[in-house]
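Here is the structure we will look at.
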Amino acid sequence: MDTEIKNAVSAADQDAQYDDRAKRLLGNKTILAHILVKTVDEFKGMDPKEAVSYIEGEPFISVIPVEPGLTNAEKEEAGQRIVGFNTENAEINEGLVRFDIVFYVRMKDGLSQVIVNLEAQKDEPTSYHILNRAVFYVSRLVSSQKERDFVKTNYDDIRRVFSIWICMNMDENSMAYVHLAKDDLLGSYSWKGGIDLLNIVLIGISNELPAHDEKYELHRLLSALLSIELTVDEKIGIIKSEYDILVNDELRKDVSAMCNLSQGIREKGGAEREEKIIMNMHRKGYTLDQIAECVEKSIDEVEAIIEKREPVLA
């Protein structure tokens, strides 16, 4: 049992490290710029190298709590009360759910800003509908602006918010844009306000690397970055030659670390698939000899897997 617990902890730690590296890669300003020009209307068609300059400061990666009341922090400076994102003492409440990546983007008019949130998922969750979670996140990023980006009833100062969700291991490459719409049920009065304040973008990435095609330009970049199948050189080659991204030491280090972690994840996934095959054959009545021959393991190994996976009867 101790070995099983140790392996489970090791696997969880490996997944956590992979997630951390994935967020660091996606949080690279050049990568964020490529995402912006494909998802945020004002930047569509812009050269990503130009879009980088509109990203303000450094992106907040896994430090800002999602929970109501904890997203913002207050402090006093020169006798003034200042409200900003809560990035202090992140280690105190490790159980808190945090936004993966949050950053401000200055619009081309030089005055207005939008807030962009980027979330990465290894696959589509089964315990809840991902769109519901995206609606919650985008709503939190709007409501948390009070006293930070606008005060009292100055609702016209609310920043537009984009919540972009990247889901790996999907059946197909896809992208959907979810936003507010106005339907006139009676009359055609022009109600004033920002119908464009809430924006959700859902990006599905399939397991196979998409073709080198303009239609799949963003999907190919994200797939190459996050793939657990490609080597370091293959990833770097695509990033440099196809997207003209400068690969500095930090980016190369993150890509290399992800590839090392991917090897362990692949091995874990392969072992899980093999165990599933053994259990399916066992339930269908195959003998230990037959199963062992099919999966190329010893009878003792097959028996140990069955004993481990077989539910204990009350």
Side-chain angles (χ1 to χ4, degrees), residues 12-36 38-40 55-68 70-73 84-91 93-105 114-125 127-145 159-170 175-176 178 198-205 218-219 221-228 250-251 254-255 257-258 261-262 265:
D13 181 59
Q14 199 172 56
D15 285 343
Q17 289 183 57
Y18 180 87
D19 289 346
D20 180 62
R21 289 290 176 174
K23 291 171 192 175
R24 284 176 52 134
L25 273 175
L26 292 172
N28 180 289
K29 280 189 172 184
T30 304
I31 303 302
L32 291 175
H34 277 269
I35 296 172
L36 282 179
K38 294 295 184 181
T39 55
V40 178
I55 299 173
E56 299 196 325
E58 290 302 316
F60 300 105
I61 302 176
S62 296
V63 293
I64 300 174
V66 175
E67 277 80 356
L70 296 179
T71 305
N72 295 338
F85 276 125
N86 179 12
T87 61
E88 299 177 0
N89 301 321
E91 72 282 356
N93 296 301
E94 283 299 331
L96 291 179
V97 176
R98 292 183 166 83
F99 293 105
D100 281 358
I101 301 169
V102 176
F103 57 102
Y104 281 93
V105 180
V114 298
I115 299 172
V116 180
N117 159 230
L118 188 67
E119 298 290 324
Q121 303 283 298
K122 286 194 290 293
D123 46 37
E124 186 175 13
S127 58
Y128 59 85
H129 294 129
I130 194 166
L131 180 55
N132 293 350
R133 184 177 175 186
V135 169
F136 177 75
Y137 274 44
V138 82
S139 300
R140 283 290 305 124
L141 286 169
V142 169
S143 64
S144 70
Q145 291 181 50
R159 270 63 166 165
R160 295 177 69 200
V161 173
F162 282 79
S163 190
I164 303 169
W165 293 70
I166 300 170
C167 292
M168 302 295 293
N169 298 305
M170 301 293 284
M175 185 185 295
V178 181
L198 303 179
N199 303 273
I200 295 171
V201 180
L202 303 171
I203 301 173
I205 307 291
L218 178 58
H219 287 72
L221 173 61
L222 296 174
S223 183
L225 281 173
L226 304 176
S227 171
I228 64 171
E250 184 179 355
L251 184 59
D254 285 335
V255 170
M258 273 192 69
L261 291 165
S262 296
I265 292 171

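Residues: numbered from 1 along the sequence shown.
Distance CE/M175 to CD1/I166: 9.0 Å, rounded to 0.5 Å. Between atom CD1 of residue I203 and atom OG of residue S223 there is a gap of 12.5 Å, rounded to the nearest 0.5 Å. From I130, atom CD1 reaches atom SG of C167 across 3.0 Å, with rounding to the nearest 0.5 Å. Interatomic distance, CZ of F103 versus CG of L36, reported as 4.5 Å (0.5 Å rounding). Atom OG of S143 sits about 8.0 Å away from atom CZ of F136, to the nearest 0.5 Å.
The backbone N or O of I101 sits less than 3.5 Å from a side-chain atom of N117, completing a donor-acceptor pair. K29 places no side-chain N or O within donor-acceptor distance of the main-chain N or O of E56, the cut-off being under 3.5 Å. Within the 3.5 Å criterion, the main-chain N or O of L70 finds a donor-acceptor partner in the side chain of N86. With hydrogens and angles ignored, the 3.5 Å screen pairs no side-chain donor or acceptor of E119 with any backbone N or O of W165.
When all heavy atoms of R21 and A257 are compared, the closest pair comes out as NE-CB, 3.5 Å. Counting all heavy atoms, side chain and backbone alike, N28 lies closest to T30 at OD1-N, 2.9 Å. T39 and F162 make their closest contact through O-CE2, 3.9 Å (heavy atoms, listed as atom of the first residue, atom of the second, distance). Nearest heavy atoms, A33 versus I55: N-CD1, 4.1 Å. Closest of all the heavy-atom pairs between N169 and K122 is ND2-O, 2.6 Å.
Looking at residues two or more places apart in sequence or on another chain, you find a side-chain hydrogen bond (donor to acceptor under 3.5 Å, both in side chains) between T71 and R140. Listed by chain and residue number, nothing satisfies the salt bridge (Lys or Arg N to Asp or Glu O under 4.0 Å) test with E124 (two or more places apart in sequence, or in another chain). Residues satisfying the side-chain hydrogen bond (donor to acceptor under 3.5 Å, both in side chains) criterion with Y137, sequence neighbours excluded, are R133. For H34, the ring pair (Phe, Tyr, Trp, His ring centres under 6.0 Å) partners two or more places apart in sequence, or in a different chain, are Y243. Remark: R24 pairs with D254 by the salt bridge (Lys or Arg N to Asp or Glu O under 4.0 Å) rule, at least two apart or across chains. Listed by chain and residue number, V83, F85, S144, R148 satisfy the side-chain contact (heavy atoms from CB on, under 4.5 Å) test with N72 (two or more places apart in sequence, or in another chain).
Two residues are said to be in side-chain contact when any heavy atoms from C-beta on lie closer than 4.5 Å; I31 and L25 fail this criterion. Between M170 and I205 there is no side-chain heavy-atom pair separated by less than 4.5 Å. Side-chain atoms of D100 and L118, non-hydrogen and from C-beta on, never get closer than 4.5 Å to each other.
For the side chain to side chain contact (heavy atoms under 4.5 Å, CB included) criterion with R160, the lone passing option out of V105, V114, V142 is V114.
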List the steps, then state whether side chain to side chain contact (heavy atoms under 4.5 Å, CB included) holds for L222 with I35.
-> CA-CA 9 Å; L222 296 174; I35 296 172; 4.1 Å; yes

